[in-house]
Asks: 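What follows is a structure written as structure tokens; I'll ask about it next.
The figures here come from the full heavy-atom set of this structure, side chains too, leaving out hydrogens, waters and symmetry mates. Only a predicted model underlies this, so the values are computations on that prediction, with no experimental measurement involved.
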Amino acid sequence: KVAIPFWIAALTLLAITTFLKYRNKMKISNKVILLNTGLIIAGTPFQQVQNFNYIFWIAGGVLVIFSIGWFFYDKIKKK
């Protein structure tokens with residue numbers, strides 16, 4: 001009952017954040033945007049796509065893992 005409104009709110013906030021980032025109004029890391037995108041994709045709550053839910057989990061999970069790996073790669077590279 002509440003999953004879809006929260007998911008839509010998260011998607012809206014991601015869109016606003018991305019828009020503000022690329023208009024140079026907000027400083028936020030690309031890694032964070034990628035992480036949030038992966039989490040939103042993995043958490044798709046619509047009943048119509050439940051048969052393909054594993055595809056959304058895999059795609060979102062890959063984005064999350066990639067963003068976390070990118071974060072640690074930059075931390076190790078700076079040392």
Asks: Got a sec, which residues hit side chain to side chain contact (heavy atoms under 4.5 Å, CB included) with Leu14, two or more places apart in sequence or on another chain?
Replies: Thr18, Ile33, Asn36, Thr37, Ile40
Asks: Suppose the criterion is salt bridge (Lys or Arg N to Asp or Glu O under 4.0 Å): which pairs have a residue in residues 29-49, not counting sequence neighbours?
Replies: Lys31-Asp74
Asks: Quick one: hydrophobic cluster around Ile68, which other residues, with the 4.5 Å side-chain cut-off, linked directly or via members?
Replies: Leu35, Leu39, Val64, Phe71, Phe72
Asks: What are the two closest heavy atoms between Ala59 and Ile41, and how far apart are they?
Replies: CB-CG2, 4.3 Å
Asks: Per the salt bridge (Lys or Arg N to Asp or Glu O under 4.0 Å) rule, what does the pair list look like for residues 8-22, sequence neighbours excluded?
Replies: none
Asks: Mind checking who shares a hydrophobic cluster with Tyr73, ILVMFWY linked at side-chain heavy-atom distances under 4.5 Å?
Replies: none
Asks: Not counting sequence neighbours, list each pair that qualifies as a salt bridge (Lys or Arg N to Asp or Glu O under 4.0 Å) and has a residue in residues 46-67.
Replies: none
Asks: Please find the pair of heavy atoms, one from Pro45 and one from Ile4, that lie closest to each other, and give the distance.
Replies: CG-CG1, 3.8 Å
Asks: If you group Ile, Leu, Val, Met, Phe, Trp and Tyr by side-chain heavy-atom gaps below 4.5 Å, do Trp70 and Ile65 land in one group?
Replies: no
Asks: Count I, L, V, M, F, W, Y as connected when their side-chain heavy atoms are under 4.5 Å apart, and connections chain through other members. Are Leu34 and Ile28 then in the same cluster?
Replies: yes
Asks: Would you list the pairs meeting ring-ring contact (aromatic ring centres under 6.0 Å, His included) in which at least one residue belongs to residues 1-56, sequence neighbours left out?
Replies: Trp7-Phe46
Asks: According to salt bridge (Lys or Arg N to Asp or Glu O under 4.0 Å), does anything in residues 38-56 pair up with another residue at least two apart or in another chain? List the pairs.
Replies: none
Asks: Check for me, please, whether Leu11 and Val49 land in the same ILVMFWY cluster - side-chain distances under 4.5 Å, paths through other members count.
Replies: yes
